[in-house]
Amino acid sequence: MMSITVNLRYKGTDGAAKRFAEEMTKSGTVEKIRNEAGNLRYEYYQSFDDPETILLIDSWENQESIDVHHASPMMQTIMDLREKYDLHMTVERYVSDTSMPDKDADFIRK
């Protein structure tokens, strides 16, 4: 199965990125996004090296599901919160093949 994963690193000051992720979660916006058709993963992580950076791993079944998400009212909520917390972002986008070659599977401890 192919999917598209977008890694977004939110950077702020004085804990702003963490407060952004907390508000996204507590407001129910994260849960709404996770329930959108085609969403496979929507999770925030905090960096050990840089407490001012929060990583969002956002995975979708295909580009069409991302396009629908980007056209949804939740995008305005997200954009408003980014502005509220004065966050800056870097983005990496990956098209992934979720099948694991046997030779790589040997290194995975389950």
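Side chains are part of it too, since the values below use all heavy atoms of this structure and drop only hydrogens, waters and symmetry mates.
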Spacing of OG1 belonging to Thr5 relative to CG belonging to Asp58, to within rounding of 0.5 Å: 8.0 Å

Distance, nearest 0.5 Å, that separates CG of Leu8 from CG of Leu55: 8.0 Å

Hydrophobic cluster identity match, Tyr94 and Val6, side-chain contacts under 4.5 Å: no

Close side-chain approach of Met89 and Arg82, heavy atoms under 4.5 Å: yes

Spacing of CD belonging to Glu36 relative to OG belonging to Ser72, to within rounding of 0.5 Å: 4.5 Å

Residues Asp80 and Thr77: side-chain donor-acceptor under 3.5 angstrom: no

Verdict with reasoning, Val95 to Met2, per side chain to side chain contact (heavy atoms under 4.5 Å, CB included): CA-CA 7 Å; Val95 176; Met2 299 297 280; 3.7 Å; yes

Side-chain (Glu61) to main-chain (Ser3) donor-acceptor, under 3.5 angstrom: no

Glu43 bridged to Arg34 by N-O distance under 4.0 Å: no

From Trp60 atom CH2 to Asn39 atom CG, the distance as rounded to the nearest 0.5 Å: 4.0 Å

Whether Tyr10 and Phe20 hold their rings parallel, tilted or perpendicular, with breakpoints at 30° and 60°: tilted

Between CE on residue Met74 and NZ on residue Lys32, distance to nearest 0.5 Å: 7.0 Å

From Asn35, Ile33, Ile57, residue fulfilling side chain to side chain contact (heavy atoms under 4.5 Å, CB included) relative to Tyr42: Ile33

Student check: side-chain heavy atoms of His88 and Asp86 closer than 4.5 Å: yes

pair Glu22-Lys18: side-chain heavy atoms closer than 4.5 Å: yes

Other residues, nucleotides, ligands: >12 heavy atoms within 6.0 Å of Gln76 CD: yes

For Gly12 against Leu87, the heavy-atom pair lying closest together: CA-CD2, 3.8 Å

Under 3.5 Å: donor-acceptor pair, side chain of Gln46, backbone of Pro51: yes

From CA spacing to verdict: side-chain hydrogen bond (donor to acceptor under 3.5 Å, both in side chains), Ser47, Asp50: CA-CA 5 Å; Ser47 170; Asp50 180 1; 5.7 Å; no

Reported CE-to-OH distance for the pair Met24 and Tyr85, which is rounded to 0.5 angstrom: 11.0 Å

Asp14 bridged to Arg19 by N-O distance under 4.0 Å: no

Test item: Val68 and Ile66 side chains (from C-beta on) under 4.5 Å apart, heavy atoms: no

Test item: His69 and Met75 side chains (from C-beta on) under 4.5 Å apart, heavy atoms: yes

